[in-house]
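Comments concern the structure below.
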Amino acid sequence: MKIATWNVNSLRVRLPHVLQFLQDEQCDVIGLQETKVDDDKFPEDEIRKLGYSCLFSGHKAYNGVAILTRDESVAVSDASFGIPGYPDPQKRLAAATITAQSGASFRFVCGYFPNGQAPGAAKYLYKLEWFCALRSAIEARLRTDPNLILVGDMNVAPTDEDIWDPEGWKGHILVSDAERDAFNSLIALGLTDAFRKAPVTEGDWSWWDYRNNALLRDQGARIDHTLVSDPLVGKIESVKIRRAYRELPQPSDHAPVVLELSL
DNA sequence: ATGACCGATCTTATCGGA
């Protein structure tokens, strides 16, 4: 089972890259973030032609998430959007139950976590509140779906190992104590950062700023994550950050992250 | 650094991103 997460920063602009990714990687399930497209303009036809079904929840300009599933390898049921019990006009969460041909199934949750702007800002408080609401929802879901995979652009570099200049970034968004505490409160539900447990990994950072030649200087952060619940930890085979997609012309500022599980 | 780069819009300026 191959699962990917990718903040595409506008699906319409990045569609050629996404189609290339679908053909080259043959993932079974892909979570996309920052689609920035209204549902009635979602480029479903192009994606369907490659054998993928689409679930999406978006609006123009900001946010937006989608789940693409490979028709010949997985079945999809019980799709839902948004955090249960947390009304939010921003489209940041999509989920579905995925069943493999083997019969194995898991709840797949794709999130575009708030950026937060700066510690103390209103958007930062929203980020922490959003984390808290998500934690409650995941906690409840794990009771009925012990097999759960949460992926997405979480906008947190969990440790100093996950940012190119931890000293320079100290106190900044992505690395502040409150954000890391919020991330760890999710982990404490019984989730594991697959990148840190995988026997095989590729890459270090999943995001490089467009500015300042950050990619060339390899000034990045690992903020796009694949978290798996306890029963799935032993099935992690690899987590690979596909930097090559960040190196294409007119790229997203994020690279796709691919998790392989023996499912 | 009131900076950079990129995408989107109520587009030729501004906002949000991270």
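Below, read A as the first sequence line, B as the second, and so on, with proteins coming before strands; counting in each chain starts at 1.
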Rounded [atom1] spacing from [N] to [M] in Å:
N: B:dC10; M: B:dG16; atom1: P; answer: 14 Å
N: B:dT11; M: B:dC6; atom1: C1'; answer: 15 Å
N: B:dG7; M: B:dA1; atom1: C1'; answer: 23 Å
N: B:dT2; M: B:dA13; atom1: C1'; answer: 15 Å
N: B:dT14; M: B:dA4; atom1: P; answer: 13 Å
N: B:dG3; M: B:dC15; atom1: P; answer: 12 Å

Look at all strands and tell whether [X] reaches a base, only sugar-phosphate, or nothing, counting heavy atoms closer than 4.0 Å.
X: A:I173; value: base
X: A:H254; value: sugar-phosphate
X: A:N7; value: sugar-phosphate

**Message:** Would you compute the distance between atom CZ of A:R135 and atom OG of A:S185 and round it to the nearest 0.5 angstrom?
**Reply:**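 The OG atom of A:S185 is 5.5 Å from CZ of A:R135, to the nearest 0.5 Å.
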With the criterion being N/O to N/O and under 3.5 Å, what pairs connect the protein with nucleotides 6-11 of chain B, and how long is each?
from	atom 1	to	atom 2	distance (Å)
B:dG7	OP1	A:R14	NH1	3.3
B:dG7	OP1	A:Q250	NE2	3.4
B:dG7	O3'	A:S10	OG	3.3
B:dA8	OP1	A:S10	OG	2.2

Could you give all pairs that pass the salt bridge (Lys or Arg N to Asp or Glu O under 4.0 Å) test and reach [range], with sequence neighbours left out?
range: residues 83-96 of chain A; result: none
range: residues 213-227 of chain A; result: A:D162-A:R222, A:D193-A:R222, A:D218-A:R243
range: residues 11-21 of chain A; result: none

Below 3.5 Å is the cut-off: list the nitrogen or oxygen pairs between protein and nucleotides 1-3 of chain B, distance only.
none

Protein-nucleotide distance ([X], atom [atom1]; [N], atom [atom2]), rounded to Å:
X: A:R92; N: B:dG16; atom1: CZ; atom2: P; answer: 12 Å
X: A:Q219; N: B:dC5; atom1: CD; atom2: C1'; answer: 14 Å
X: A:F113; N: B:dG17; atom1: CZ; atom2: P; answer: 15 Å
X: A:N155; N: B:dG16; atom1: CG; atom2: C1'; answer: 12 Å
X: A:N213; N: B:dC5; atom1: CG; atom2: P; answer: 8 Å
X: A:W207; N: B:dG17; atom1: CH2; atom2: P; answer: 13 Å
X: A:E179; N: B:dG17; atom1: CD; atom2: C1'; answer: 14 Å
X: A:D253; N: B:dG16; atom1: CG; atom2: P; answer: 17 Å

**Prompt:** With the threshold set at 4.0 Å, does a side-chain nitrogen-carboxylate oxygen contact exist between A:E161 and A:R196?
**Reply:**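 A salt bridge is absent here (no side-chain N lies under 4.0 Å from a carboxylate O).
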Output a table of donor-acceptor pairs, distance under 3.5 Å, between side-chain atoms of residues 75-86 of chain A and any protein atom two or more places apart or on a different chain; print 'none' if there are none.
from	atom 1	to	atom 2	distance (Å)
A:D78	OD2	A:R141	NH2	3.1
A:S80	OG	A:R107	NH2	3.2
A:Y86	OH	A:E129	OE1	2.7

**Item:** Side-chain (A:T192) to main-chain (A:A194) donor-acceptor, under 3.5 angstrom
**Value:**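 Looks like no, no N/O pair under 3.5 Å.
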**Item:** Backbone of A:S105 reached by a side-chain donor or acceptor of A:N147 within 3.5 Å
**Value:**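 Checking the backbone N and O of A:S105 against the side chain of A:N147, a donor-acceptor pair under 3.5 Å is found.
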**Message:** So A:D145 and A:T97, do their side chains get closer than 4.5 Å, heavy atoms only?
**Reply:**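 When only atoms from C-beta onward are counted, A:D145 and A:T97 do touch, with a gap below 4.5 Å.
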**Proximity of A:F131 and A:F183 rings by center, below 6.0 Å** =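 Between A:F131 and A:F183, the centre distance exceeds or equals 6.0 Å.
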